[in-house]
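Just below is one structure, and these are the notes that go with it.
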Amino acid sequence: MRKVDTVIIGQGLAGSLVAWLLLQRNENVVVIDRGDIGSASRVAVGLVTPITGKRLVRSWRFDEFHRRGIAIYRAIERELGQELYSARSAVRLFGSQAERERFDGKAEREFGDLVETIDPAVNESLYHAPFGGFQMKRAGRLDVPGFVEAIGEWLQQQGRLILGEFDLTKDVREDAGRLVIETFGLSANQIVCCRGFSESMSEDFAGLDFNAAKGEVLKIERFPTCDSRTIHSGGWLADVGDGLAVGATYEWDRLDDQVTDAGRVNLELRLQRMLRVPYRVIDQAAGVRPILRWQRPTIGQHQTFSGVYCFNGLGSKGVLQAPYFAEQLVSHLCDGSNIEPEADLASSSVKASTSCD
Ligand SMILES: Cc1cc2nc3c(=O)[nH]c(=O)nc-3n(C[C@H](O)[C@H](O)[C@H](O)COP(=O)(O)OP(=O)(O)OC[C@H]3O[C@@H](n4cnc5c(N)ncnc54)[C@H](O)[C@@H]3O)c2cc1C
């Protein structure tokens, strides 16, 4: 039986961050992942956008999440010797005169520090921009599939990654204060479940209430002189190196990782409203965002096994929010520090919140 401090289940964005942070604390960690090809982290484009939504709002606690996120991603890059997070400007093009006026009314007061330029130069022979727009500071992109792959290889080199499916009810028993996972020959002090949307198929964490949304994205061929900035205009168009990603749909009914004709039509319509030039679709992908009803990353503790935790609910802003909360979970596991009520499944305030904008 291999004795470790922590077993992490799931090596998406959540599990990768928790594993990396625990290993920085010299904890003995093993990760078990079943290798879902359509997991959210393997299809996410990974944008960080400071001002979002139809209502144009500052992203929830943007400054503190961004500060911790950048520090952690940069530290991981140094360790792995690979660039994974790129800071890059984003342009929001207004969809109407009314939207522009809404922005003008609150820009200075609410997000003056996040606005780089009003009416940035956009090549109007390529993009529709009749109402102008603004350019945001501190936007960026994590190559999430690349990040998960790089952390996976790094864990594998250390003999810390096991490919397999974990079932809490069948696989775990308690023995002399330790958690024994017979199937994998492991004994641990604690287990952290980072299973993304798949967690909703189990009933392991009472009260973890999902409102997950499927998302589809297209990839189109780059066209000459395309903008390297991310363009937001009723959807977004982001340079991902080997093409331009177009996203993303939200669908609450069919929660699977299959691409659909309806998804493609939806995204192509947005593209046609955005672009004045022809394009060629080269790829389409789908996955399910692990969104909880209260739209916040959440940390929970199992009711029977007190050493078993979940870290879930990264939603559609996982790149921005996950590092901060992964760090909080790791401090709790290693130092016994408290989980803040807004992220604690046991607290009533987590469920009282309905939006993370
Ligand atoms: C189309 C799309 C676009 C997105 N774009 C963005 C974006 O631009 N910016 C942003 O911040 N976020 C974006 N997201 C959201 C982001 O992808 C998620 O917040 C994040 O990736 C979730 O990570 P996770 O680790 O919680 O879950 P997942 O990525 O789903 O990972 C779960 C892991 O657990 C493993 N697993 C599951 N069950 C088991 C089991 N029983 N045993 C062993 N292993 C198991 C799976 O194999 C998987 O590797 C997007 C999501 C989608 C779908």
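One-based numbering, in listed order, for ligands and for the atoms of each.
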Could an N or O of ligand 1 be found under 3.5 Å from any N or O of [X], whether backbone or side chain?
X    : value
F197 : no
F166 : yes
G15  : no
D36  : yes
L13  : yes
V288 : no

With a 6.0 Å cut-off (strictly less than), is the heavy-atom count around CD of E203, excluding the residue itself, greater than 12?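 Counting other residues, nucleotides and ligands, CD of E203 stays at 12 neighbours or fewer.
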
Whether over 12 other heavy atoms sit under 6.0 Å from R254 CZ: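 Counting neighbours around CZ of R254, 12 or fewer heavy atoms of other residues, nucleotides or ligands fall under 6.0 Å, so no.
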
Do you reckon I299 sits in the same ILVMFWY cluster as F65, going by side-chain contacts under 4.5 Å, direct or chained?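 Both belong to a single hydrophobic cluster.
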
How long is the straight-line distance from OG of S187 back to CD of E174, given to the nearest 0.5 Å?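 Here the interatomic distance stands at 11.0 Å.
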
Approximate separation, where rounding is to 0.5 Å, of Q82 CD and D143 CG: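 It is 8.0 Å, given to the nearest 0.5 Å.
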
Using 30° and 60° as the class limits, which term best fits the ring planes of Y73 and F147: parallel, tilted or perpendicular?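 Perpendicular, since the angle between the ring planes exceeds 60°.
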
Applying a heavy-atom cut-off of 4.0 Å, say which part of [X] lies close to ligand 1: side chain, backbone, both or neither.
X    : answer
A248 : neither
A44  : both
A285 : neither

Which ligand 1 atoms, with their elements, are less than 4.0 angstrom from a heavy-atom of G46?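 Counting from 1, the qualifying ligand atoms are 6 (C), 7 (C), 8 (O), 9 (N).
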
May I ask you to list the atoms of ligand 1 that are less than 4.0 angstrom from any heavy atom of G287?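 Once the distances to G287 are compared, the set is 53 (C).
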
Residue selection (non-hydrogen contact nearest atom 9 (N) of ligand 1) among L47, L142, I9, V217: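 Nearest heavy atom to atom 9 (N) of ligand 1 lies in L47.
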
Give the residue, atom name and distance (to 0.1 Å) of the protein heavy atom nearest [atom].
atom                    : answer
atom 44 (N) of ligand 1 : R34 N, 3.1 Å
atom 22 (C) of ligand 1 : P290 CG, 3.7 Å
atom 15 (C) of ligand 1 : G315 O, 3.0 Å
atom 23 (O) of ligand 1 : S41 OG, 3.2 Å
atom 5 (N) of ligand 1  : V45 N, 3.7 Å
atom 31 (O) of ligand 1 : G12 CA, 3.6 Å
atom 11 (O) of ligand 1 : V319 N, 2.9 Å
atom 51 (C) of ligand 1 : R289 CG, 3.5 Å

Could you pull out every donor-acceptor pair under 3.5 Å between side chains of residues 9-18 and any protein atom, sequence neighbours left out?
residue : atom : partner : partner atom : Å
Q11     : NE2  : S16     : OG           : 2.9
Q11     : NE2  : V148    : O            : 2.8
S16     : OG   : G12     : O            : 2.6

So, Y324 and R67: side-chain donor and acceptor under 3.5 Å apart, yes or no?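 No donor-acceptor contact under 3.5 Å links the two side chains.
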
What I want to check is whether the side chains of N123 and S125 have a donor and an acceptor closer together than 3.5 Å.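 Result is yes, a qualifying pair exists.
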
State, with a plain yes or no, whether a side-chain heavy atom of Y309 is found less than 4.5 Å away from one of C194.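 The answer is no, as the side chains (C-beta and beyond) never meet within the 4.5 Å cut-off.
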
Check ion pair E342-R61 (N to O, under 4.0 angstrom):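 Yes.
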
What do you reckon, does [X] put a non-hydrogen atom under 4.0 Å from ligand 1?
X    : result
C194 : yes
R42  : yes
D33  : yes
S202 : no
G247 : no

Would you tabulate the side-chain donor-acceptor contacts of residues 257-265 under 3.5 Å, counting partners in other chains and residues two or more places apart, or write 'none'?
residue : atom : partner : partner atom : Å
T260    : OG1  : E216    : OE2          : 2.6
T260    : OG1  : G263    : N            : 2.9
R264    : NE   : E268    : OE2          : 2.8

Is there a side-chain hydrogen bond (donor to acceptor under 3.5 Å, both in side chains) between R34 and S198? Walk through the geometry before answering. CA-CA 11 Å; R34 68 177 186 199; S198 305; 3.0 Å; yes

Identify the residue among R141, R229, R222 that makes a salt bridge (charged side-chain N to carboxylate O under 4.0 Å, His left out) with D239.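 Testing D239 for a salt bridge (charged side-chain N to carboxylate O under 4.0 Å, His left out) against R141, R229, R222 leaves exactly one candidate, R222.
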
